[in-house]
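All heavy atoms count here, side chains included; hydrogens, waters and symmetry mates do not.
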Amino acid sequence: MAPHWRGGAQVLAVTLGILQCCGWLSGQTIRTSVGMTERGPEQWAMSHERVKRGWVWNQFFVVEEYTGTEPLYVGKIHSDSDEGDGSIKYTISGEGAGTIFIIDEVTGDIHATERLDREEKTFYTLRAQARDRLTDGPLEPESEFVIKVQDINDSEPKFLEGPYVGSVAELSPIGTSVMKVMASDADDPTYGSSARIVYSVLDGERFFTVDRQTGVIRTAVADLDRETQDRYELVVKATDMAGQMGGLSGSTTVTIVITDVNDNPPRFPQKMYQFSVSEGAGVGTPLGRVIATDADMGENTDMSYLIKDEEGGELFRVSTDGDTQEAIITIKKPLDFESKRTHNVVVEAVNKHVDPRFKDLGSFRDQTIVRVSVSDVDEPPIFIPPAGTIMEVQEDARMGVRVGTVIAKDPDMEKVPVRYNNTAGIRTQRSGFNRQEQNVYLLPILVVDSGPPALSSTGTLTIHVCGCDPDGAIQSCNATAYVMSTALSPGALIALLVCILILIVLVLLILTLKRHRKGQRMSEDEEDMRDNVIKYNDEGGGEQDTQAYDMSALRNLYDFPEVKSSDSGPDLRSVPQWIQNRVVGDGGPADFTVFKGYIRKKVEQADADLSVPPYDSFQTYAFEGSSSPALSLSSIRTLSTTSEQDFSYLSDWGPRFRQLAGYYAPAQAEEEGS
């Protein structure tokens, strides 16, 4: 139903209370006018006159992270027409109304019931209305207001991209920018200093600094040397509240890698290297390798090698191995031992990539001496002149007339006679031949002439190693056995004799043990250890019967004694209990003729069998005779209702058969009763 309005303008005033960390602030009231008529809220019209407005709004503020036990007071809604008699009811709706924010319907006080976090939600939008308590009709149009969550410093700065890795070249000047770090703070940057961050270096401030406002890291020294230390670990801290006391802070690690520059020249580890080569080595033969080290890395270690002296440059060549940066020294021209036996070659190493900024550090090159020793080889004689000569002879010259002279010499040694007109000399390549190691050598010989075409033949020369006296005279060329010249010492002879004696004792002991075991085995074979095994299947009278068997009957199974009668009856002590019962029951002696005949038949068969051993052996026969004196114990037939057996005697066998007697005796009694 439509609400009834009282005459005059209805005005609501809002009193704002703000709770902050430092205490309460005074409320503000801003008033404007809105005219209303009695025709109802749907017919409210704006007038051209300036009148007083019913709702006066400002933002409400509530502090975040409130930890009190009571609801937190936010503010107050009040209408000018409220006379305090409770006739007006205040309501709110919107975000968090009724859950996070509650209102006192009478007083209009708004409270927050939950702990608020500005980093999750910064403000809440609600609507307020004053209604008549009796009719529930609106007294004023619904108005919207905002509750802002006021920030406190409850979030520390965080480096979202940390940990950081940066780099800077070694020997960079002071103040060189390395990298920039940045921390973020979730607090309100527009309120107070909660989000104002400053930076500082906690660890590593000796070598690097950080700008307090921007977070840019710069070098603090100019002598950063990668060869000394190639990386640094920094700890950078970010503090809010502009670094004031009570501010929160966070930290991160920054790894700064020092990159290389070409600030180190190459250096040879040695000032001299020595190599040897035969004078017969061909051109291009490598003599060896040398290397200069460089403390730099990457392309800054690339270098080239040069031969600085003129003589060495004519005979030798140097090249660079691109993979290992080694200098390879090779022969450029043939070497001659007789001309010069030692060559000193100056090798220089030079950096390929020289940084002009570091020229003042010194020369980026180094030198070393490579000494090459030339060894001699056995060269053939040479004729003088080498190109040969032309000789003339008259056509009528007599036989034996001297035509001319040719001269040959050995280039290896001076004043050594040379033999000439198809001879060959064999020389040893080493000294110290041993006939015990090898006494014969087979040497293939190739003989080639100089005619066109050249013809050749091959032969084998047998060389014997002979024994000679101190003067060099040959004594014997036969292979002789090696004779040990050193005699054994007395201690060694004694030890050898003791070992031989121990071996003899061991052999005798083994033979004695074998003979003893053989005699023992023969004595055991001669003894007859056969036993008479008796098998019987007789059942006694139960566990209580201790007089059921006569062991003498078991020992004389094949010779059962005849039943003797006496005044009181037959003597049954030598037969089993079941036979005694039979004799007593039947009144006559037991008949064993069936068993005797069966056993006698089996004995005859065994005597006639040639495959059995020639001595007595134990035989087992499973013969029970025509019928068993002990009746069947099977209960299969006893289940028949037509059975005439009487089991009443089972109850007389004692407590062990009481349960069995209960199975049969009651059934027998029922059959008799029926």
Side-chain angles (χ1 to χ4, degrees), residues 167-172 207 221-232 256-337 339-377:
S167 63
V168 65
E170 61 178 331
L171 302 181
S172 296
F207 303 99
V221 294
D223 57 350
L224 293 176
D225 187 9
R226 188 201 63 83
E227 289 73 30
T228 303
Q229 185 173 350
D230 61 352
R231 65 180 54 219
Y232 294 85
I256 300 179
V257 179
I258 308 301
T259 59
D260 185 58
V261 297
N262 194 3
D263 60 334
N264 293 281
R267 288 288 181 264
F268 284 102
Q270 301 175 212
K271 290 301 179 182
M272 178 176 289
Y273 296 85
Q274 291 187 353
F275 298 105
S276 62
V277 63
S278 171
E279 65 174 338
V283 175
T285 302
L287 302 181
R289 296 184 174 215
V290 296
I291 187 172
T293 60
D294 194 324
D296 296 322
M297 60 185 301
E299 67 175 10
N300 294 326
T301 61
D302 294 344
M303 61 187 72
S304 58
Y305 296 91
L306 306 172
I307 295 179
K308 298 299 293 183
D309 61 308
E310 184 176 349
E311 179 186 357
E314 292 180 356
L315 297 177
F316 303 97
R317 178 183 291 110
V318 63
S319 60
T320 304
D321 189 328
D323 296 330
T324 62
Q325 295 297 311
E326 292 177 311
I328 306 174
I329 302 173
T330 57
I331 298 176
K332 185 177 180 180
K333 288 184 178 181
L335 303 177
D336 186 14
F337 172 80
S339 299
K340 190 172 185 179
R341 301 184 179 184
T342 303
H343 301 272
N344 293 325
V345 183
V346 179
V347 178
E348 184 179 70
V350 182
N351 271 138
K352 289 183 178 181
H353 310 285
V354 178
D355 194 333
R357 296 178 300 172
F358 307 108
K359 286 185 176 180
D360 56 345
L361 296 179
S363 175
F364 283 81
R365 59 184 64 225
D366 193 24
Q367 293 182 351
T368 187
I369 297 176
V370 177
R371 175 169 292 178
V372 181
S373 299
V374 182
S375 61
D376 186 29
V377 295

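Looking only at side-chain heavy atoms (C-beta outward), L287 and T330 stay at 4.5 Å or farther from each other. Here the side chains of V283 and P334 are in contact, with some heavy-atom distance below 4.5 Å. Between V290 and Q270, the closest side-chain pair of non-hydrogen atoms is not below 4.5 Å. Inter-residue side-chain proximity for N300 and D355 is flagged as unmet; no heavy-atom pair is nearer than 4.5 Å.
Nearest heavy-atom pair, S375 versus S278, reported as atom, atom and distance to 0.1 Å: OG-CA, 3.2 Å. Summarising the geometry of V261 relative to E170, their closest heavy-atom pair is N-OE2, 3.0 Å, with the distance given to 0.1 Å. Across D260 and M297, no two heavy atoms sit closer than the pair OD2-N, 3.1 Å. Taking both residues in full, the closest heavy atoms of H343 and L335 are given as NE2-CD2, 4.4 Å, listed atom of the first, atom of the second, then distance. When all heavy atoms are compared, the tightest approach of S363 to P265 is O-CB, 3.5 Å. Across every non-hydrogen atom of T324 and R289, the tightest pair is OG1-NH1, 3.9 Å.
A donor-acceptor contact closer than 3.5 angstrom is absent between the side chains of N264 and D294.
Crowding of R267 atom CZ: a count of heavy atoms from other residues, nucleotides or ligands under 6.0 Å exceeding 12. Taking a 6.0 Å sphere around CD of E310, one finds it holds 12 or fewer heavy atoms contributed by other residues, nucleotides or ligands.
Legend: residues meeting side chain to side chain contact (heavy atoms under 4.5 Å, CB included) with D309, ordered by chain and number and at least two apart, are I307, E311, V345, V346. With sequence neighbours left out, the ring pair (Phe, Tyr, Trp, His ring centres under 6.0 Å) criterion links Y305 to no other residue. Taking E348 as the reference, K308, R365 meet the salt bridge (Lys or Arg N to Asp or Glu O under 4.0 Å) condition, with sequence neighbours excluded.
Looking only at distances, no side-chain donor or acceptor of Q325 sits under 3.5 Å from a matching main-chain atom of A292. D321 places a side-chain N or O within donor-acceptor distance of the main-chain N or O of D323, the cut-off being under 3.5 Å. Side-chain atoms of K332 come within 3.5 Å of backbone atoms of G313 as a donor-acceptor pair (strictly under, hydrogens ignored).
To the nearest 0.5 Å, the span separating CG on L171 from CG on L224 amounts to 8.0 Å. Rounding to the nearest 0.5 Å gives a distance of 8.0 Å between CD1 of I328 and OG1 of T320. With rounding to the nearest 0.5 angstrom, the NZ atom of K271 is 9.5 Å from the CD1 atom of I369. In this structure, I331 CD1 and L315 CG are separated by 9.5 Å, a value rounded to the nearest 0.5 Å. Here the OG1-CG distance, from T301 to D296, works out to 7.5 Å after rounding to the nearest 0.5 Å. Note: K333 NZ to R317 CZ = 10.5 Å, rounded to the nearest 0.5 Å.
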Where do N262 and F358 land on the side chain to side chain contact (heavy atoms under 4.5 Å, CB included) test, with the steps shown first? CA-CA 8 Å; N262 194 3; F358 307 108; 5.7 Å; no
- side chain to side chain contact (heavy atoms under 4.5 Å, CB included) between I258 and Q229, intermediate numbers included: CA-CA 8 Å; I258 308 301; Q229 185 173 350; over 6 Å; no
| task | Determine, stepwise, if the pair D225 / D263 fulfils side chain to side chain contact (heavy atoms under 4.5 Å, CB included). | result | CA-CA 9 Å; D225 187 9; D263 60 334; 4.0 Å; yes
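Relative ring orientation between Y273 and F268 is described as perpendicular, the plane-to-plane angle rising above 60° on a 0-90° scale split at 30° and 60°.
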